[in-house]
Number of protein chains: 2
Amino acid sequence: MATQTDAPEAPRIPLNRTRVLEAAVALADRDGIDAVSMRKLGQELGVEAMSLYNHVKNKGDLLDGMVDTILGEIELTPMEGHWKTAMRTRMLAAREVVIRHQWVPEVLESRPVMTPTMMRYMDSIIGFFREGGVSIDLTHHAMHAIGSRLLGFTQELFDDSDAEQDPAAAAAMMQQLTQFPNIRALTEALLHEGDEIVGAGCDSNFEFRFTIDLILDGIERLHLAEQEG
Amino acid sequence: MATQTDAPEAPRIPLNRTRVLEAAVALADRDGIDAVSMRKLGQELGVEAMSLYNHVKNKGDLLDGMVDTILGEIELTPMEGHWKTAMRTRMLAAREVVIRHQWVPEVLESRPVMTPTMMRYMDSIIGFFREGGVSIDLTHHAMHAIGSRLLGFTQELFDDSDAEQDPAAAAAMMQQLTQFPNIRALTEALLHEGDEIVGAGCDSNFEFRFTIDLILDGIERLHLAEQEG
DNA sequence: ACCTGAACACCGTTCAAGT
DNA sequence: ACCTGAACACCGTTCAAGT
């Protein structure tokens with residue numbers, strides 16, 4: 001809701017890095033990450049593509065900056081109570097932010113981002129484990145095990161979004177699935193769960209919570225065993 | 001070790017889908033997935049880029065086919081003994097294959113692949129759980145929790161590969177890391193573990209096994225609780 | 001200091017034309 | 001049936017030139 005296509009005679013606000021990054025985030029939110037090209041972003045800002053290089057080193061730097069920007073949206077509230085519930089709350093907060101910016105997983109999957117904001121975020125999470133008395137080694141393995149869920153998302157192997165919209169595609173998919181007895185059993189159980197025969201895709205929010213609880217419980221069990229032994 | 005740059009007068013073997021896919025896999029293995037463009041792949045096969053469209057619908061179809069090809073390399077051995085050990089063995093077998101083809105994670109992250117080979121693979125894994133008596137619901141959540149590890153890989157959030165090679169980059173990284181107390185503590189613990197001060201990156205194979213065991217143990221615990229209740 | 005025009009070296013893909 | 005040449009509509013990026 002900004003100056004996107006103002007009258008071209010309006011006094012030109014000079015570009016700067018944050019203006020560029022915010023426009024890129026808005027563009028990705030609206031049209032998807034593939035729409036974020038130097039040319040299109042320039043157009044969005046009323047400027048030629050080459051001008052962007054005055055504020056951003058290259059495309060990679062732009063993407064890093066975008067991730068950095070939205071990472072700043074996750075509030076680093078201090079730990080209260082048990083480390084497990086603190087972790088859970090933080091990861092669900094991260095998930096809220098990622099859901100608002102659906103392109104974040106794809107960018108993070110395509111390139112590692114190690115900005116100060118990212119480090120501050122990870123530092124805060126490691127702090128939860130340490131404050132909770134979890135050993136540094138176990139903390140390390142826990143971070144690996146939780147992986148991208150630390151940032152609020154899970155890598156999805158499959159995608160049922162087109163099947164959800166197009167009934168023909170859904171039927172074709174069903175036809176294929178039923179040829180495999182175990183997949184078929186699983187699919188049928190899923191379908192009957194919601195009383196509805198169609199549209200019962202997986203509930204990714206439920207699976208997210210299920211898995212972080214599974215992992216956190218496992219870590220706690222190892223933590224307790226470590227203390228006893 | 002094939003006919004890659006033969007004399008151009010050699011009798012031309014006609015192209016077909018498997019020849020195209022195998023060349024693409026070899027190219028990706030050798031030069032990375034970014035080197036797999038229609039033009040370069042055509043060159044590799046002594047043919048113009050446009051000819052490839054006779055054997056492959058488009059670039060996406062090519063990538064799907066490549067994944068399908070290497071997925072076929074994972075042997076679908078039947079289950080023997082406990083489902084947990086069967087699962088473990090299968091996932092480590094998948095990991096072996098993925099390590100030989102490092103580009104697979106990136107392709108799978110960028111696009112869902114739902115080919116018959118993929119379905120057969122997933123069907124086999126679901127079968128392990130079912131044979132082991134795990135409920136269909138729990139099986140479903142387990143599949144989500146294990147995620148891409150079913151196919152032998154974990155999404156890596158960070159990348160220390162350049163720091164491992166370039167000592168200057170490593171020093172700069174260290175300089176940054178030490179500003180965050182918890183990251184610093186974790187890093188120092190890591191470094192002292194191997195008696196060596198430098199080059200002690202994370203052991204991704206260890207972390208892989210750690211996490212699948214953590215998740216499988218958690219699933220088993222839920223399975224046993226389900227049986228009692 | 002910031003922006004631009006023109007250019008370079010790439011992409012995926014289509015389509016009419018060849019054999 | 002299979003392959004090609006030319007073309008289209010895109011990319012990211014550099015660089016000399018403008019103000």
Side-chain angles (χ1 to χ4, degrees), chain A residues 3-25 27-28 30-67 103 106-107 110-113, chain B residues 3-25 27-28 30-67 103 106-107 110-113:
Chain A
T3 65
Q4 190 174 301
T5 17
D6 265 356
E9 315 86 356
R12 196 188 218 110
I13 309 161
L15 236 47
N16 57 46
R17 187 167 224 265
T18 43
R19 275 233 304 146
V20 169
L21 294 182
E22 275 164 12
V25 167
L27 180 56
R30 200 186 68 209
D31 296 346
I33 192 68
D34 286 346
V36 180
S37 72
M38 299 305 266
R39 281 168 171 86
K40 284 192 195 131
L41 179 55
Q43 201 173 313
E44 206 76 11
L45 286 159
V47 120
E48 299 299 316
M50 314 84 199
S51 308
L52 299 174
Y53 286 86
N54 286 311
H55 307 101
V56 129
K57 276 221 301 277
N58 47 38
K59 178 94 188 263
D61 186 35
L62 175 70
L63 294 172
D64 286 355
M66 290 171 68
V67 170
W103 45 272
E106 191 170 329
V107 173
S110 72
R111 47 183 298 108
V113 176
Chain B
T3 66
Q4 190 174 303
T5 17
D6 264 356
E9 314 86 357
R12 194 188 220 112
I13 310 161
L15 236 45
N16 58 45
R17 186 167 226 266
T18 44
R19 275 232 305 145
V20 169
L21 293 182
E22 275 164 14
V25 166
L27 180 56
R30 200 186 66 209
D31 296 345
I33 193 67
D34 286 346
V36 179
S37 74
M38 300 305 266
R39 282 169 171 84
K40 285 194 194 128
L41 179 56
Q43 201 173 312
E44 206 76 10
L45 286 159
V47 120
E48 298 299 314
M50 313 82 199
S51 308
L52 300 174
Y53 287 85
N54 286 312
H55 308 101
V56 128
K57 275 222 300 277
N58 47 37
K59 178 94 188 263
D61 186 35
L62 175 70
L63 293 172
D64 287 355
M66 289 171 69
V67 170
W103 45 271
E106 191 170 329
V107 173
S110 72
R111 46 183 297 109
V113 175

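In what follows, chains carry the letters A, B, and so on, assigned in the order in which the sequence lines appear, proteins first and then strands, with residues in each chain numbered from 1.
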Item checked: First of A:M50 and A:S37 reached from the 5' end of DNA chain D, by closest nucleotide -> A:S37
Margin query: The side chain of A:E48 is closest to which nucleotide in this list: C:dC3, C:dT4, D:dT13?
Written below: C:dT4
Margin query: Less than 4.0 angstrom from a charged side-chain N to a carboxylate O is my criterion; do A:D64 and A:K57 meet it?
Written below: no
Item checked: Nearest-angstrom distance, C1' atom, C:dA1 to D:dA17 -> 15 Å
Next item on the list: Grab the CG-P distance between A:N54 and D:dT14 for me, whole Å please.
Entry: 12 Å
Check: DNA chain C: A:A49 or B:A35, which has the more 5' nearest nucleotide?
Finding: A:A49
Next item on the list: Starting at atom CZ of A:R39, determine the distance to atom P of C:dT4, rounded to an integer number of angstrom.
Entry: 14 Å
Check: Base, sugar-phosphate, or nothing: which does B:K40 touch, judged by heavy atoms less than 4.0 Å apart?
Finding: sugar-phosphate
Next item on the list: In whole angstrom, give the distance that lies between atom CD of A:Q43 and atom P of D:dC11.
Entry: 9 Å
Item checked: B:H55 side-chain N/O to D:dC3 phosphate OP1/OP2 under 4.0 Å -> yes
Item checked: Interatomic spacing from CG in B:D61 to CG in B:L52 - rounded to 0.5 Å -> 11.5 Å
Checklist line | Salt bridge A:E44-A:R39, side-chain N to carboxylate O under 4.0 Å | finding: no
Next item on the list: Answer yes or no: does a side-chain N or O of A:Y53 lie under 4.0 Å from OP1 or OP2 of D:dT13?
Entry: yes
Note to self: Counting only Watson-Crick pairs (N1-N3 plus N6-O4 or O6-N4) and G-U wobbles (N1-O2, O6-N3), all under 3.5 Å, who is the partner of D:dA16?
What the structure shows: C:dT4
Next item on the list: Provide, to the nearest angstrom, the distance between the CE atom belonging to B:M38 and the C1' atom belonging to D:dC11.
Entry: 17 Å
Margin query: In this structure, how many angstroms lie between the P atom of C:dG12 and the CG atom of B:N58, rounded?
Written below: 11 Å
Checklist line | A:R111 CZ - D:dG12 P separation (whole Å) | finding: 13 Å
Next item on the list: Ignoring backbone atoms, establish whether B:S51 has a side-chain N or O less than 4.0 Å from OP1 or OP2 of D:dC2.
Entry: no
Notebook entry, point to check: How far does CZ of A:R111 sit from CD of B:E106, to the nearest 0.5 angstrom?
Noted result: 11.5 Å
Next item on the list: Using atom CG of A:D61 as one end and atom C1' of D:dT13 as the other, report the distance to the nearest whole Å.
Entry: 14 Å
Next item on the list: Nearest whole angstrom, please: distance from the P of D:dT13 to the CG of A:L41.
Entry: 13 Å
Item checked: B:K40 with B:D34: basic N within carboxylate O range, under 4.0 Å -> no
